[in-house]
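Side chains included, hydrogens not; waters and symmetry mates left out as well; all remaining heavy atoms used. Small disclaimer: the values here were computed from a predicted structure and weren't measured.
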Amino acid sequence: MDRDYVSRRTGRFVPATSVTVALLEENLPLAYGVVRDLSDSGACIITNTGLTPGKSYQFRMSFFGGEVLEAVARVVWRESHRPDGSEPVGVPHGIEFTDINEVNLENLRRILRTRDFGSKGL
């Protein structure tokens, strides 16, 4: 899938403060990272390990100030390995929210509308 698909569809925001993420499988932490940009349908995250495109994970995002968003997210794309086959230090991934309850979705939309959250991406 085209990396810019989600941003063209919904608009993305670049956080002004750190937004951290944890991806879990069967309630066990699998990867940690930070959000590079975010929309109400997905995000670009930089993780400490590579995740499998097409696979879904439990997703927990923590915002500065203490708010937490939980959802199920599917990995849409992942940056390729380096030419020597090694993983980059921070691995960029595109994720799409596939199962998010209405309360979490409305909270996310409210956060994105907040003037102090960040800037609108291109």
| query | Sub-3.5 Å donor-acceptor pair from the side chain of Glu96 to the main-chain atoms of Ala73, do we have one? | reply | no
| field | Close side-chain approach of Val76 and Arg74, heavy atoms under 4.5 Å | value | yes
| For residues 41-64, which residue pairs qualify under salt bridge (Lys or Arg N to Asp or Glu O under 4.0 Å), counting only residues two or more places apart or in two chains? | Glu25-Lys55, Arg60-Glu70
| field | Pairwise distance CG(Leu108) to CZ(Arg113) - rounded to 0.5 angstrom | value | 9.5 Å
| task | Determine which pairs satisfy ring-ring contact (aromatic ring centres under 6.0 Å, His included) with at least one residue from residues 25-50, sequence neighbours left out, and list them in order. | result | none
| said: Could you tell me if the side chain of Trp77 sits less than 4.5 Å from the side chain of Pro92, heavy atoms only? | reply: yes
| task | Give, for atom CG of Leu38 and atom CD1 of Ile111, the distance between the pair rounded to the nearest 0.5 Å. | result | 8.5 Å
| field | Test item: Arg36 and His93 side chains (from C-beta on) under 4.5 Å apart, heavy atoms | value | no
| said: Quick one, Val91 and Asn48 - any side-chain contact, counting heavy atoms below 4.5 Å? | reply: no
| request: Answer whether the closest heavy-atom distance between the side chains of Tyr57 and Thr98 falls below 4.5 Å. | output: no
| Which is it for Val21 and Ile95 under the side chain to side chain contact (heavy atoms under 4.5 Å, CB included) test, yes or no, and what are the steps along the way? | CA-CA 12 Å; Val21 297; Ile95 61 168; over 6 Å; no
| said: I'd like to check Ile100 versus Leu105 (side-chain heavy atoms, cut-off strictly below 4.5 Å). Are they in contact? | reply: yes
| said: Once rounded to the nearest 0.5 Å, what's the spacing between atom CZ of Phe97 and atom CG of Leu69? | reply: 5.5 Å
| request: Could you grab the distance from atom OG of Ser56 to atom CG of Leu51, nearest 0.5 Å is fine? | output: 11.5 Å
| said: Under 4.5 Å between side-chain heavy atoms, counting indirect links through other Ile/Leu/Val/Met/Phe/Trp/Tyr residues: same cluster for Leu112 and Val68 or not? | reply: no
| Point-to-point distance, once rounded to the nearest 0.5 Å, from CD of Glu67 to CG of Asn104 | 10.0 Å
| Test ring pair (Phe, Tyr, Trp, His ring centres under 6.0 Å) applied to Phe117 - qualifying residues, sequence neighbours left out | none
| said: If the condition is side chain to side chain donor-acceptor pair (under 3.5 Å), which residues does Arg109 pass it with, not counting sequence neighbours? | reply: Asp40, Glu106
| message | Is the shortest side-chain heavy-atom distance between Val19 and Phe13 below 4.5 Å? | response | no
| request: Go through the side-chain N and O atoms of Thr49 and Thr47 and say whether any donor and acceptor fall under 3.5 Å apart. | output: no
| Residues clustered with Val103, ILVMFWY side-chain links under 4.5 angstrom | none
| By the rule that ILVMFWY residues connect when side-chain heavy atoms come within less than 4.5 angstrom, directly or transitively, which residues belong alongside Ile46? | Val34
| query | When rounded to the nearest 0.5 angstrom, what is the spacing between CD1 in Ile45 and OG1 in Thr20? | reply | 11.0 Å
